[in-house]
Amino acid sequence: MPELPEVETVRKTLKQLIQGKTIKEVVVSWAKMIKKPINVEEFSDALIGQRIEDVNRRGKFILIETTDFTLVSHLRMEGRYGLFQPIDPVDKHTHVIFYFEDGTELRYKDVRKFGTMHLFKKGEEFGSLPLSQLGPEPFGEDFTIANFTKGLSRTTRSIKTALLDQKIVVGLGNIYVDEALFRSKIHPERIANTLSSDEIERLYKEIISTLSEAVEKGGSTIRSYVNSQGQIGMFQLELYVYGRKGQECKVCGHTLERIIVGGRGTVFCPHCQK
DNA sequence: AGAGGTTCTCGGGCGC
DNA sequence: TGCGCCCGAGAACCTC
């Protein structure tokens, strides 16, 4: 499901739903998704009595800030949050429930069970995995052309693989990387350290504009994505290449092709992208 | 049937 | 030879 625009939309909606609430109890029914602490009981006990102070984001991770802790949550492919009443039937793919003192409950569900949660004492979350190795935020001050150029110059991987790595810049996944490359007219298999400064500049701008336009549209709903209030995104209507194999390029009319790059399905226009 | 929006871990290969 | 880094493959799970 989620790349930066979807995660950002979940963050905003989740914050509206849970900020200020105090946790009364936590029940985990799929222990493997709790990566820290290893002991699930310790995880649940630590959160009792904690108030939700804020909901932030770093890359594709959601950071739920409580009185004393930061819960680092990754939705991976299908993770989803929602606020429910006790009488609401519990979906069978619900793996964690946070019960609040006001009687409502935050449920995390995840059909594929790929999502993860790490609980850190406040302030310690950036010092270790999964956050410690992340590159700059695409909308942040330290994502500059100079930084971007330096990052690309150090690798001989394909540009698509380099961008998916989350070390040069965070937030791109399979949808937005294909879109940003199309909009920059760069072939996904180009070797990262062979891009011209012109191409790097185009790519830099298109990464920022593609992601920010997608945030404005509430993300892309491809198959299952909805935000924490159950609403779908609208950016799927703006996609040029992702999921459009065999269809006409919206710019030149050529047939879009699908190849595998770095193990990921990749759609591009053989005429527009060089 | 096999692919799917993600990222961590593992082991092999390379350079110093 | 040893160490460290980089890279690609595989794994984690379920649905259609």
Peer 1: Heavy-atom distance under 4.5 Å between the side chains of A:Lys160 and A:Asn174, does that happen here?
Peer 2: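 Counting from C-beta outward, A:Lys160 and A:Asn174 do come under 4.5 Å.
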Peer 1: Whether A:Asp88 and A:Arg107 form a salt bridge (side-chain N of Lys/Arg under 4.0 Å from carboxylate O of Asp/Glu) is what I want to check.
Peer 2: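 No.
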Peer 1: Just checking A:Lys217: does its NZ atom have more than 12 heavy atoms from other residues, nucleotides or ligands closer to it than 6.0 angstrom?
Peer 2: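 Count not over threshold, so no.
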Peer 1: Take atom CD1 of A:Ile259 and atom P of B:dA3, then tell me their distance rounded to the nearest Å.
Peer 2: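 In whole Å, B:dA3 P lies 16 Å from A:Ile259 CD1.
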Peer 1: Round to the nearest Å and state the distance from A:Ile222 atom CD1 to B:dA3 atom P.
Peer 2: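 Distance, rounded to whole Å: 19 Å.
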Peer 1: Measuring from the side chain of A:His74 (C-beta onward, heavy atoms only), which nucleotide among B:dT7, C:dC13, B:dG5 has the closest atom?
Peer 2: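 That would be B:dT7.
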Peer 1: Within less than 4.0 Å of OP1 or OP2 of C:dC14, is there a side-chain N or O belonging to A:Lys113?
Peer 2: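 The answer is yes; a side-chain N or O of A:Lys113 sits under 4.0 Å from OP1 or OP2.
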Peer 1: Using purine N1 to pyrimidine N3 plus N6-O4 or O6-N4 for Watson-Crick, or N1-O2 and O6-N3 for G-U wobble, each under 3.5 Å, what pairs with C:dC13?
Peer 2: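 Answer to the pairing question: none, since C:dC13 forms no Watson-Crick or G-U pair.
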Peer 1: Taking B:dG2 as the reference, what is the distance to C:dA11 when you measure between their P atoms (whole Å, please)?
Peer 2: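 It comes out at 16 Å once rounded to the nearest Å.
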Peer 1: Output yes when A:Lys109 and A:Glu78 qualify as a salt bridge under the 4.0 Å nitrogen-oxygen rule, no when they do not.
Peer 2: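 A salt bridge is absent here (no side-chain N lies under 4.0 Å from a carboxylate O).
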Peer 1: Whether A:Glu53 and A:Lys122 form a salt bridge (side-chain N of Lys/Arg under 4.0 Å from carboxylate O of Asp/Glu) is what I want to check.
Peer 2: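 A salt bridge is absent here (no side-chain N lies under 4.0 Å from a carboxylate O).
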Peer 1: Counting side-chain heavy atoms from CB outward, which of C:dT15, B:dT7, C:dA12 is closest to A:His93?
Peer 2: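 Side chain of A:His93 sits closest to C:dT15.
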Peer 1: In whole angstrom, what separates A:Ile175's CD1 from B:dT6's C1'?
Peer 2: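 My rounded result for the distance is 12 Å.
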Peer 1: Can you tell if the side chain of A:Arg80 reaches within under 4.5 Å of the side chain of A:Leu75, non-hydrogen atoms only?
Peer 2: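 Sidechains of A:Leu75 and A:Arg80: no contact.
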Peer 1: Output the rounded distance in Å from CD (A:Glu78) to C1' (C:dC16).
Peer 2: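 Distance check: A:Glu78 CD to C:dC16 C1' gives 11 Å.
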Peer 1: Determine the interatomic distance between P on C:dT15 and the same-named atom on B:dT7; round to the nearest Å.
Peer 2: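 One P to the other, the span is 22 Å.
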Peer 1: Quick one, give me the B/S/- string for nucleotides 11-16 of chain B, reading 5' to 3', where B means a protein heavy atom under 4.0 Å from the base and S means that only happens at the primed atoms, P, OP1 or OP2.
Peer 2: ------
Peer 1: Whether the A:Ser196 and A:Asp198 side chains hold a donor-acceptor pair (N or O, under 3.5 Å, no angle test) is what I'd like checked.
Peer 2: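 Looking only at side-chain atoms, A:Asp198 and A:Ser196 do not form any donor-acceptor pair under 3.5 Å.
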Peer 1: Rounded to the Å, how far apart are A:Phe114 CZ and B:dT9 C1'?
Peer 2: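 So the CZ-C1' distance, A:Phe114 to B:dT9, works out to 14 Å.
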Peer 1: Figure out the CG/C1' separation between A:Asp110 and B:dG5, and round it to whole Å.
Peer 2: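 One finds 12 Å between C1' of B:dG5 and CG of A:Asp110, rounded.
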Peer 1: Reckon A:Lys32 has a side-chain N or O less than 4.0 Å from the OP1 or OP2 of B:dC8?
Peer 2: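 So the side-chain polar atoms of A:Lys32 never come under 4.0 Å of the phosphate oxygens OP1 or OP2 of B:dC8.
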Peer 1: Tell me, yes or no, whether the heavy-atom count around A:Glu124 atom CD, taken from other residues, nucleotides or ligands under 6.0 Å, exceeds 12.
Peer 2: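 Counting neighbours around CD of A:Glu124, more than 12 heavy atoms of other residues, nucleotides or ligands fall under 6.0 Å, so yes.
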Peer 1: Please set out all donor-acceptor pairs under 3.5 angstrom arising from side-chain atoms of residues 24-33 of chain A, sequence neighbours excluded.
Peer 2:
{"unit_1": "A:Ser29", "atom_1": "OG", "unit_2": "A:Thr94", "atom_2": "O", "d": "3.3"}
{"unit_1": "A:Ser29", "atom_1": "OG", "unit_2": "A:His95", "atom_2": "O", "d": "3.2"}

Peer 1: Report each atom pair, protein N/O against N/O of nucleotides 5-11 of chain C, whose distance is under 3.5 angstrom.
Peer 2:
{"unit_1": "C:dC7", "atom_1": "OP1", "unit_2": "A:Thr155", "atom_2": "OG1", "d": "2.9"}
{"unit_1": "C:dG8", "atom_1": "OP2", "unit_2": "A:Arg157", "atom_2": "NE", "d": "3.4"}

Peer 1: Can you tell me the base-pairing partner of B:dG5? Count Watson-Crick or G-U wobble geometry only, both distances below 3.5 Å, and say none if there is no partner.
Peer 2: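 Matched B:dG5 with nothing under the 3.5 Å cut-off.
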Peer 1: Figure out the CG/P separation between A:Leu75 and C:dC13, and round it to whole Å.
Peer 2: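 The distance from CG of A:Leu75 to P of C:dC13 comes to 18 Å, rounded to the nearest Å.
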Peer 1: Could you say whether A:Leu129 or A:Arg112 is positioned toward the 5' end of DNA chain B, judged by the nucleotide with the nearest heavy atom to each?
Peer 2: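 Upstream on the strand: A:Arg112.
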Peer 1: Indicate, with a heavy-atom threshold strictly under 4.0 Å, whether A:Lys92 touches base, sugar-phosphate, or nothing.
Peer 2: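 Contact class for A:Lys92: sugar-phosphate only.
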Peer 1: Provide the distance between the two C1' atoms, one in B:dG13 and one in C:dT1, to the nearest whole Å.
Peer 2: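 Straight-line distance between the two C1' atoms is 15 Å.
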Peer 1: For side chain to side chain donor-acceptor pair (under 3.5 Å), just list the numbers for A:Ser220 and A:Tyr176, CA-CA rounded to whole Å, side-chain angles, deciding distance to a tenth of an Å, and then say yes or no.
Peer 2: CA-CA 10 Å; A:Ser220 303; A:Tyr176 298 106; 2.7 Å; yes
Peer 1: Rounding to an integer number of Å, can you tell me how far A:Lys160 NZ sits from B:dG5 C1'?
Peer 2: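 Taking atom C1' of B:dG5 as the reference, NZ of A:Lys160 is at 11 Å.
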